[in-house]
Trainee: 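Can you read through this structure? Questions will come right after.
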Amino acid sequence: MKAADGVTDLYGVMYKPFDFDSTRVYPIADYVYPGPQVEANNISWSAGMLRTDRLAQIGMIVITVGNRGGHPNRSKWYHNYGYGNLRDYGLADQKYAVEQLAARHSFIDGTRVGIHGHSGGGFMSTAAILTYPDFYTAAVSCAGNHDNSIYNRWWSETHHGVREKVWEGDTTFVYHIETNQELAGRLRGHLMLVTGDQDNNVNPANTIRVVNALIRANKRFDFVLLPGQRHGFGDMNEYFFWKMADHYARYLIGDESPRPVDIPELNNNN
């Protein structure tokens with residue numbers, strides 16, 4: 001596909017349900033990680049692909065695609081695209097990728113679009129549904145660094161940049177990445193925020209600040225706190241999968257059927 005500039009090539013992977021029927025029309029969900037050090041694309045297979053191949057099996061198309069500002073192996077220009085704009089740099093490319101696929105394939109419903117991601121992808125998925133509130137129907141945002149003023153300097157300052165400011169002979173250094181809570185009032189779709197309360201990478205305060213902003217903006221949303229879990233959700237990762245699947249089944253696929261309190265798939269695993 002092409003980036004939003006209409007010129008840059010982007011590469012991705014599409015996952016389909018095991019019983020895929022090309023005469024049907026499926027909603028589409030985009031699994032994202034914006035970079036800039038890596039991208040979400042995966043060309044291998046494993047039982048742990050909860051957010052792509054396994055998620056598609058609930059009855060939807062799932063994609064991953066790179067964006068400008070992503071993997072440094074592409075080129076220095078491609079990698080540096082997000083410099084100075086670390087919240088918004090990949091959003092237009094991800095949106096345009098979905099639009100191209102919906103135009104290309106009759107089995108994709110471009111009016112039912114989801115987006116989800118973890119860590120930097122959690123940051124991106126929330127930013128996406130708030131930046132394009134009429135495009136994304138549902139989002140699942142996990143362990144996102146929504147406010148980089150309380151995240152690791154080695155990631156955010158390195159890839160966003162620090163600007164030198166000289167004023168009346170004094171030199172200071174300015175560093176600011178726009179936050180997701182600044183956009184909270186724009187929410188129209190269905191957002192689920194997820195974090196472990198002992199996240200050892202992205203402090204859960206990142207998510208709490210967005211929760212606070214959404215409440216103060218009088219927005220309905222879902223919030224899942226996973227007790228005792230660090231950045232990867234540990235032994236609650238399976239529980240998280242079914243919460244994500246339920247969110248997409250209801251808000252993207254349109255399955256309003258009653259659900260029991262017990263999650264039978266988890267009981268079977270036990």
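Start at 1 with the first residue, then count along the sequence.
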Trainee: Okay, side chain of Tyr81, backbone of Lys76: is any donor-acceptor separation there less than 3.5 Å?
Mentor: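 Between the backbone of Lys76 and the side chain of Tyr81 there is no qualifying donor-acceptor contact (under 3.5 Å).
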
Trainee: For Trp77, does the CH2 atom have more than 12 heavy-atom neighbours from other residues, nucleotides or ligands under 6.0 Å away?
Mentor: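 Yes - once you tally the heavy atoms of other residues, nucleotides and ligands closer than 6.0 Å, there are more than 12.
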
Trainee: Please name the pair of heavy atoms, one in Leu86 and one in Tyr89, separated by the smallest distance, quoted to 0.1 Å.
Mentor: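 In this case the closest contact between Leu86 and Tyr89 is O-CE2, 3.2 Å.
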
Trainee: Tell me whether Val140 shares a hydrophobic cluster with Leu214, the cluster being built from Ile, Leu, Val, Met, Phe, Trp, Tyr side chains joined at under 4.5 Å.
Mentor: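 Val140 and Leu214: separate clusters.
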
Trainee: With hydrophobic residues grouped by side-chain heavy-atom distances under 4.5 Å, do Tyr15 and Ile115 end up in a single group?
Mentor: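 Different hydrophobic clusters.
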
Trainee: If hydrophobic clusters are built from ILVMFWY residues whose side chains come within less than 4.5 Å, do Val113 and Met1 share one?
Mentor: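 Same hydrophobic cluster.
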
Trainee: Please determine whether residues Val211 and Met244 belong to a single hydrophobic cluster, defined as Ile, Leu, Val, Met, Phe, Trp and Tyr linked transitively by side-chain heavy-atom distances below 4.5 Å.
Mentor: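 As far as the 4.5 Å side-chain criterion goes, Met244 and Val211 are not connected within one cluster.
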
Trainee: Would you say that Leu193 contacts His146 through its side chain, given a criterion of any heavy-atom pair below 4.5 Å between the two side chains?
Mentor: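 A side-chain contact under 4.5 Å exists here.
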
Trainee: Mind checking side-chain contact (heavy atoms from CB on, under 4.5 Å) for Glu256 and listing every partner two or more places apart, or none if nothing turns up?
Mentor: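 Glu256 satisfies side-chain contact (heavy atoms from CB on, under 4.5 Å) with Arg250 only.
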
Trainee: Would you say the side-chain atoms of Lys16 pair up with the backbone N or O of Ala56, donor to acceptor, closer than 3.5 Å?
Mentor: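 Judged by distance alone, no pair lies under 3.5 Å.
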
Trainee: Listing request: all ring-ring contact (aromatic ring centres under 6.0 Å, His included) pairs with a residue in residues 90-125, at least two apart in sequence or in separate chains.
Mentor: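 Passing the test, one end in residues 90-125: Phe20-Phe107, Tyr31-His116, His105-Phe107, His116-Tyr248, His118-His231, His118-Phe233.
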
Trainee: Taking NZ, NE, NH1 and NH2 as the nitrogens, is one of them in Glu265 or Arg259 under 4.0 Å from a carboxylate oxygen of the other?
Mentor: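 The answer is no: the pair does not qualify as a salt bridge.
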
Trainee: For atom CZ of Arg220, decide whether the heavy atoms of other residues, nucleotides or ligands shown that lie under 6.0 angstrom number more than 12.
Mentor: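 Counting neighbours around CZ of Arg220, 12 or fewer heavy atoms of other residues, nucleotides or ligands fall under 6.0 Å, so no.
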
Trainee: Roughly how far, to the nearest 0.5 Å, is CD of Gln229 from OH of Tyr239?
Mentor: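 One finds 12.0 Å between OH of Tyr239 and CD of Gln229.
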
Trainee: Is there a path of hydrophobic side-chain contacts, each under 4.5 Å between heavy atoms, that joins Val38 and Tyr83?
Mentor: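 Each belongs to a different hydrophobic cluster.
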
Trainee: Tell me which one of Thr195, Leu183, Leu187, Asn180 satisfies side chain to side chain contact (heavy atoms under 4.5 Å, CB included) with Val210.
Mentor: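 Exactly one pass, corresponding to Asn180.
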
Trainee: Would a distance-only check, ignoring hydrogens and angles, find a side-chain to backbone donor-acceptor pair under 3.5 Å from Gln100 to Lys2?
Mentor: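 It does hold such a pair.
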
Trainee: Listing request: all side-chain hydrogen bond (donor to acceptor under 3.5 Å, both in side chains) pairs with a residue in residues 133-142, at least two apart in sequence or in separate chains.
Mentor: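 Checked against side-chain hydrogen bond (donor to acceptor under 3.5 Å, both in side chains) - neighbours excluded - the pairs reaching residues 133-142 are Thr126-Ser141, Asp134-Arg188.
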
Trainee: Show, in sequence, the C-alpha distance, side-chain angles and deciding distance for Asn152 and Glu157, and conclude whether the side chain to side chain donor-acceptor pair (under 3.5 Å) test is met.
Mentor: CA-CA 8 Å; Asn152 298 332; Glu157 288 188 9; over 6 Å; no

Trainee: Any idea which heavy atoms bring Ala102 and Gly110 closest together, and the distance?
Mentor: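 Nearest pair, atom of Ala102 first, then Gly110: CB-CA, 3.8 Å.
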
Trainee: Restricting to non-hydrogen atoms, name the atom on Asp53 and the atom on Gln57 that form the minimum distance, rounded to 0.1 Å.
Mentor: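 Looking at all heavy atoms of both residues, the closest pair is O-NE2, 2.8 Å.
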
Trainee: Output yes when a side-chain donor or acceptor of Asn206 lies under 3.5 Å from a complementary backbone atom of Asn203, and no otherwise.
Mentor: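 At least one qualifying donor-acceptor pair exists.
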
Trainee: So how far is it from Thr52 OG1 to Asn41 CG, rounded to the nearest 0.5 Å?
Mentor: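 Atom-to-atom, Thr52:OG1 and Asn41:CG are 10.5 Å apart.
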
Trainee: What do you reckon, is CZ of Phe135 surrounded by more than 12 foreign heavy atoms closer than 6.0 Å?
Mentor: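 Counting other residues, nucleotides and ligands, CZ of Phe135 exceeds 12 neighbours.
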
Trainee: Kindly compute the distance separating CD1 (Ile253) from CZ (Arg112), expressed to the nearest 0.5 Å.
Mentor: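 Between Ile253 CD1 and Arg112 CZ, I get 8.0 Å after rounding to 0.5 Å.
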
Trainee: Rounded to the nearest 0.5 Å, how far does CE of Met60 lie from CG of Asp109?
Mentor: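 Going from the CG atom of Asp109 to the CE atom of Met60 covers 12.5 Å.
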
Trainee: Which atoms form the tightest heavy-atom contact between Ala245 and Leu55, and what is the distance?
Mentor: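 Of all heavy-atom pairs spanning Ala245 and Leu55, the closest is CA-CD1, 4.4 Å.
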
Trainee: Taking all non-hydrogen atoms of both residues into account, name the closest pair between Arg51 and Cys142 and its distance.
Mentor: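 That closest heavy-atom pairing would be NH1-SG, 3.6 Å.
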
Trainee: To check you understand the geometry: which heavy-atom pair defines the closest contact between Asp30 and Thr64, and what is its length?
Mentor: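 Minimum heavy-atom separation between Asp30 and Thr64: OD1-CA, 4.2 Å.
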
Trainee: Do the rings of Tyr251 and His190 sit parallel, tilted or perpendicular, given the 30° and 60° boundaries?
Mentor: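 Tyr251 vs His190 ring planes: parallel.
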
Trainee: Distance from Asp93 atom CG to Thr8 atom OG1, nearest 0.5 Å?
Mentor: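 Between atom CG of Asp93 and atom OG1 of Thr8 there are 7.5 Å.
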
Trainee: Quick one: does Lys243's side chain get under 4.5 Å of Asp222's, heavy atoms only?
Mentor: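 Contact flag for Lys243/Asp222 side chains = no.
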
Trainee: Keeping Asp147 on the side-chain end and Thr179 on the backbone end, is there a donor-acceptor pair under 3.5 Å?
Mentor: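 Absent.
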
Trainee: Are a donor atom and an acceptor atom from the side chains of Tyr151 and Asn201 found within less than 3.5 Å of each other?
Mentor: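 On atom types as modelled, these side chains qualify, holding a pair under 3.5 Å.
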
Trainee: Return the NE2 to CD distance between His71 and Glu39, rounded to the nearest 0.5 Å.
Mentor: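 Answer rounded to 0.5 Å: 7.0 Å.
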
Trainee: Looking at Arg163 and Val174, would you say the former's side chain and the latter's main chain have a donor-acceptor pair under 3.5 Å?
Mentor: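 No, the answer is negative, given that no donor and acceptor are paired below the 3.5 Å cut-off.
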
Trainee: Would Arg68 and Asp5 pass as an ion pair if we require N to O under 4.0 Å?
Mentor: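 So Arg68 pairs with Asp5 through a salt bridge.
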
Trainee: Are any of the side-chain heavy atoms of Ile63 and Val98 separated by less than 4.5 Å?
Mentor: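 Yes - at least one pair of side-chain heavy atoms lies under 4.5 Å apart.
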
